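Single-structure report; data block below.
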Amino acid sequence: MAADDAGIVVVGAGLAGLRTAEGLRRHGWEGLVTIVGDEVHMPYTRPPLSKKLLLEGGDHASVELRRRDSEHPLQWRLGRRVVASDLDGCSVTLDDGTVLGYQGLVAATGVRARRLPGSLSGPRAVLRTLDDAQALTGRLRPGARVVVIGAGFIGCEVAGTALSRGCAVSVVAIDELPMVAPLGPLVGAELRRRHAAAGVNFHLGTGIISADEGGVVLSDGTRLEADVVVEAIGSQPATEWLAGNGLDLADGVVCDEFLRLGGRKGTVGVGDVARFPNARYDATPRRIEHWQVAVDTGLYAAASLVGDLAGRPPEKPFGVVPTFWSDQASVSIRALGQPALATDVEVLEGDLSGEAAIGYRRDGRLVGVLLLGLPKRMGFYLKHLTDDLAAAPTH
């Protein structure tokens, strides 16, 4: 089958894909830009799905991303999934058999919700898409018994929102503390205390051995009755369509320091699906699932890709100080950098049980800062962290 010429193909119609496409226009690409997305919705922002939209309800218009006007419009193919790619032949194949040839390729497929084994029965919800959020919102009625499986950011956000809606909430996780992997035990213990004080019941250090229509049974034998069970056990990068091209897909798609897929010119990876080195830190490729990083990688990758197609070398490797936030009803977190890389954690300012700034250090230098409250100190700590990272590379 002959491939249709689609110019630059952006695979993924989320935040990262949209901002990359708009960045292509900003950097002078006037040819076709075709965006393929497996959802039927135009791009929307995901953070409100577990917070405002889940709490108050809403439709696509309430979370739709603003799109920038251009004299060269973008072409959209929504409700279609890319199932295969041929990077040597510069083409991708859609689930309806359509083959799109490209001059440049953007991988922006993000992640999907990780699921428990299919051997567990009983209805279990996830929260990744707008459709997921709308389906779940109607089930979080006052008095409903909600079991959240997973104590990461999404799990704790859903738990906080469900509690605010008057539900009785239990959180089950194999981890000993909430959000311990990204934030460490010091902060994890304080976040557990705050959620528990608000009314969340925790069952930590335990897993799920069975599930049915009426609840779940934990590995310690406890049965939790539930009207709603929400799986929030992490995510899986959507990379299947890139298989067979010699790329490292072990955890997302590995990109070089210019965000090229496996170092291949004319291709880039952006957002949650991309695993890349961060020049602000070191040469180790890592995935960073943060809203702002989706924007930052998109803007950089657009310039990198247009430069490749025009024969211009990149000016400098990609480097950013990530920022992220998480609002969990009674708990509000603002963070800078990459706290998960730290070997030492200390309170820099305030009181951990109230408002506080927590510093995360590796080799004596800050790699991240987390704020509990203290919103007016964001600028100060961003500069402090940026200066520390610039003083010498981390290892």
Side-chain angles (χ1 to χ4, degrees), residues 1-24 29 31-40 43 74-113 128-129 235-277 285 287 289 294 297-298 300-310 314 318:
M1 180 184 296
D4 297 332
D5 180 11
I8 293 178
V9 173
V10 179
V11 185
L15 172 66
L18 174 62
R19 295 300 179 236
T20 306
E22 293 174 339
L24 294 169
W29 178 261
L32 287 174
V33 175
T34 303
I35 304 176
V36 183
D38 58 0
E39 293 187 63
V40 297
L74 306 173
Q75 293 193 351
W76 298 88
R77 293 197 180 214
L78 300 179
R80 294 265 70 92
R81 184 167 56 90
V82 173
V83 296
S85 58
D86 178 356
L87 301 193
D88 290 333
C90 296
S91 70
V92 297
T93 302
L94 309 190
D95 54 0
D96 64 355
T98 300
V99 178
L100 300 178
Y102 64 79
Q103 299 169 59
L105 178 68
V106 179
T109 38
V111 297
R112 65 175 63 90
R128 174 62 189 170
T129 68
S235 59
Q236 293 179 308
T239 56
E240 294 85 355
W241 65 281
L242 288 168
N245 289 290
L247 300 171
D248 183 344
L249 306 177
D251 177 26
V253 55
V254 170
C255 303
D256 68 7
E257 68 270 32
F258 306 114
L259 300 186
R260 297 169 177 147
L261 304 181
R264 185 187 291 259
K265 291 185 177 180
T267 69
V268 290
V270 297
D272 295 351
V273 77
R275 179 155 57 103
F276 55 86
R287 286 195 313 112
E289 292 185 28
T297 54
Y300 178 95
S304 178
L305 181 54
V306 171
D308 276 354
L309 298 180
F318 179 73

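Keep in mind that what you see is a predicted model, and the values were worked out from it rather than measured.
Between F318 and F276, the gap from one ring centroid to the other is short of 6.0 Å.
The main-chain N or O of F258 is found under 3.5 Å from a side-chain atom of S304 such that the two form a donor-acceptor pair. Within the 3.5 Å criterion, the main-chain N or O of G31 finds a donor-acceptor partner in the side chain of W29.
Atom CG of residue L18 and atom CG of residue L74 lie 7.5 Å apart, to the nearest 0.5 angstrom. Between D248 atom CG and L261 atom CG the span is 11.5 Å, to the nearest 0.5 Å. Between the OG1 atom in T34 and the CH2 atom in W76 there is a gap of 11.0 Å [rounded to 0.5 Å]. In this structure, CG on D272 lies 9.0 Å from CG on L15, to the nearest 0.5 angstrom.
With hydrogens and angles left out, the side-chain atoms of S235 and E289 include a donor and acceptor closer than 3.5 Å.
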Chi angles and distances behind the salt bridge (charged side-chain N to carboxylate O under 4.0 Å, His left out) call for R260, D308: CA-CA 10 Å; R260 297 169 177 147; D308 276 354; 2.7 Å; yes
Audit row: D88, R264, salt bridge (charged side-chain N to carboxylate O under 4.0 Å, His left out) steps and yes/no: CA-CA 10 Å; D88 290 333; R264 185 187 291 259; 2.9 Å; yes
Residues Y300, L259; criterion side-chain contact (heavy atoms from CB on, under 4.5 Å); working and verdict: CA-CA 8 Å; Y300 178 95; L259 300 186; 3.7 Å; yes
Verdict with reasoning, D95 to W241, per side-chain contact (heavy atoms from CB on, under 4.5 Å): CA-CA 11 Å; D95 54 0; W241 65 281; over 6 Å; no
Full working for side-chain contact (heavy atoms from CB on, under 4.5 Å) between S85 and T93: CA-CA 6 Å; S85 58; T93 302; over 6 Å; no
Test side-chain contact (heavy atoms from CB on, under 4.5 Å) applied to V254 and L247, step by step: CA-CA 7 Å; V254 170; L247 300 171; over 6 Å; no
Worked verdict on R81 versus D96 for salt bridge (charged side-chain N to carboxylate O under 4.0 Å, His left out): CA-CA 8 Å; R81 184 167 56 90; D96 64 355; over 6 Å; no
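R112 and E240 are joined by a salt bridge, as a carboxylate oxygen and a charged side-chain nitrogen come within less than 4.0 angstrom of each other. Ion pairing of R275 with D256 is absent here, as no side-chain N (NZ or NE/NH1/NH2) approaches a carboxylate O to less than 4.0 Å. The residues D251 and R287 are annotated as salt-bridged, a charged nitrogen and a carboxylate oxygen being separated by less than 4.0 angstrom. Between R80 and D38 there is no salt bridge, since no side-chain nitrogen of the basic residue lies less than 4.0 Å from a carboxylate oxygen of the acidic one.
You'll find the side chain of V33 stays beyond 4.5 Å of the side chain of Q75, heavy atoms only. Using a 4.5 Å heavy-atom threshold, the side chains of V106 and V270 count as touching. For the pair L24/L305, a side-chain contact is recorded, criterion being any heavy-atom separation below 4.5 Å from C-beta on. Looking only at side-chain heavy atoms (C-beta outward), L242 and L249 come within less than 4.5 Å of each other. Contact annotation: the side chain of L100 approaches that of L94 to within less than 4.5 Å [non-hydrogen atoms, C-beta and beyond]. Side chains of V92 and L105 form a contact here, defined as non-hydrogen atoms less than 4.5 Å apart.
A13 and G37 get closest at one heavy-atom pair: CB-CA, 3.8 Å. The nearest pair of heavy atoms linking A238 to V273 is O-CG2, 3.8 Å. A16 and G271 get closest at one heavy-atom pair: CB-CA, 3.9 Å. Of all heavy-atom pairs spanning A302 and G23, the tightest one is CB-C, 3.4 Å. Pairing each heavy atom of V10 with each of A21, the nearest pair is CG2-CB, 4.4 Å.
Sorted by first and then second residue, the side-chain hydrogen bond (donor to acceptor under 3.5 Å, both in side chains) pairs involving residues 6-20 (not counting sequence neighbours) are R19-E22.
With respect to R77, the side-chain contact (heavy atoms from CB on, under 4.5 Å) criterion is satisfied by exactly one of T98, V9, V82: T98.
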